[in-house]
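All residue numbers refer to positions in the sequence shown, counting from 1. Predicted, not measured: the structure shown is a model, and the values here were computed from it. In listed order, ligands and their atoms are each counted from 1.
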Amino acid sequence: MKVNLLETFAEVFGDNEGAREYFSPGRVNLIGEHTDYNGGHVFPCALTLGTYAVARKRTDDMICFYSANIKNAGVVEVSRKELENQKKYGWANYPLGIVWAFAERGKLIDSGFEMAIWGNIPNGSGLSSSASLEVLTGVVLCDLFGYDDLSMTDLALIGQYSENNFNGCNCGIMDQYAVANGKKDMAMFLDTSDLSMEYASVKLADAKIVITNSKVKHSLVDSAYNDRRRECSTALEELQKVVKINELGDLDEETFEANKDAISSEVCRKRAKHAVYENQRTIKAVEALKNNDIETFGKLMNASHVSLRDDYEVSCPEVDTLVDLAWAQPGVIGSRITGGGFGGCTVSIVKNDAVDSFIENVGKGYKEKCDIEAEFYVVEIGDGARVLSK
Ligand code: GLA
C-alpha cells in the first residue's frame, strides 16, 4: 500500500497549497553491531523503504503532526513555545524532539508548521523507523526554515541528540548517520570514533540482501540497551587502568585477551569482548567484500550473530530460530540478527537462485517452531533523506 500523502495532507489540514514533499529511508546494518557507542566501525546501508512527509509552514505558533499510519492518534498539536516530551504526544515526540534539538543548537523555528507522514518501515523491527522520522524532520525543518548551513551529518547528530536527551534512548550514531547519508547500492563503512566514512558497493552480482522480520519485539528494549552501554563503559574504565585506550574500539583481539582480566565482572568482560571482536570483524568483512570474497563476509556475519547471542545477549529465541533456519538453507552466504536486538529482524545474504526457497523454507520452519508468520523483504539499497519537491 502506498498512501497519497499530498491528498491526506489536504484532507487533514484543509488544502495542500504550498506543501512540500520529503522522504527518509530506513536502514539495515550488515555487520558492526553495538560497536557505534564503543568507538568502533559499522557497515549499514539505507533502504528504499522509509518515511514520507508533506509539510508547510503555518502563520500561527502551532506545530501539528499527523501520521497516516496511526490515524487514531489524530492530529497532535503542540505550541512551538512548549517543547517538551509528553506521553500524550505518543509517536510525535520523535519529530517534536527534533524541533527542540534545533533550538538547542540555536536554530529557532520561528513559526508553527504542519506535517503529515506515512511510512512503510515496520515499526520496532530494528530497521530504524525512529531514526528515519528524526532525520526526515530535520530535512523538513532545514527546507521550511532555510537552515541550509546544516550538513546531513549535522542532521544525523541532531537526531541522535534528540533521541538521547528528549526521548531517553542512549543510542549511538549509526542509525541517524545511515539514514542521512545513504547512497544507492552502497553501504557505509563508518568509523564512529571520528565519523570518517567510506562508501563500499554492495551491489552483488549473484546474491541478494534479504531481511526477515521475526515480528517479535520484547519490552524494556530501551532499558536493556542502556544497560549494555553502561556495562561497556564499566569495562572500558577498568581496562584503562592497564592499557592506554580511549574506547573499546581501539583494541585488537590480542591486546584485549592480554588485558581482559582487568575487567572484574564476567558480564562486562563478555560485553567488551563482543565490542572488540565485532569491530575487528567489521574491518575484516569490508576488506573481504572489497576483494569480492563474499564467502568470508558471510562467515563473519555468522560469527557476529553468535557473539551477539552468547556474549552480548541481545538476541532472543525467535530470532535465533530464524538464524538457525537460515544457516541450514542452501545458497545462504551469511545470516545474523540486525539492529539493536531483543527481537526485530535478521539480515541474510542469499544467492539469487535460492531466494524463493529461502523464503519458503524459513517461513515454514518459523511458523512450525514459533507459530508466527515471518515477513520477508528482498531489499534494495537506496539514497539518504531528501526533499522530493522541486
Ligand atoms: C540501535 C541503536 C544504534 C546501534 C544499534 C546496535 O539501532 O540506535 O545506535 O547501537 O542499535 O548496533
Residues Lys260 and Glu257 bridged, charged N to O under 4.0 Å | yes
Numbered atoms and elements of ligand 1 in range of Met174, under 4.0 angstrom, heavy atoms | 4 (C), 5 (C), 12 (O)
Give yes if a backbone or side-chain nitrogen or oxygen of Asp175 is under 3.5 Å from a nitrogen or oxygen of ligand 1, and no if not.
-> yes
Are Arg269 and Glu266 within salt-bridge range, i.e. N to O under 4.0 Å?
-> no
Tyr225 and Tyr37 aromatic centres sub-6.0 Å = yes
Among all protein heavy atoms, pick out the one at the shortest distance from atom 9 (O) of ligand 1; state its residue, atom name and that distance to 0.1 Å.
-> Asp36 OD2, 2.6 Å
Any side-chain heavy-atom pair from Arg271 and Tyr312 closer than 4.5 angstrom?
-> yes
Give a yes or no on whether the backbone of Ile70 and the side-chain of Ser67 come within a donor-acceptor separation of less than 3.5 Å.
-> yes
What atoms of ligand 1 come within less than 4.0 Å of a heavy atom belonging to His34?
-> 6 (C), 12 (O)
Examine Thr35 against ligand 1 and note whether any of their N/O atoms are separated by less than 3.5 Å.
-> no
What atoms in ligand 1 come closer than 4.0 Å to a heavy atom of Arg27?
-> 7 (O)
Looking at Tyr37, which atoms of ligand 1 are within less than 4.0 Å of one of its heavy atoms?
-> 10 (O)
Within-cut-off N or O pair, Gly172 and ligand 1, under 3.5 Å = yes
Note: heavy atom closest to atom 11 (O) of ligand 1, options Ser130, Gly32, Gly340, belongs to Gly340
Rounded to the nearest 0.5 Å, what separation is found between the CD1 atom of Ile381 and the SG atom of Cys45?
-> 3.5 Å
Give the numbers and elements of all ligand 1 atoms closer than 4.0 Å to a heavy atom of Tyr225.
-> 1 (C), 2 (C), 3 (C), 4 (C), 9 (O), 10 (O), 11 (O)
Trp118 ring center within less than 6.0 Å of Phe9 ring center = no
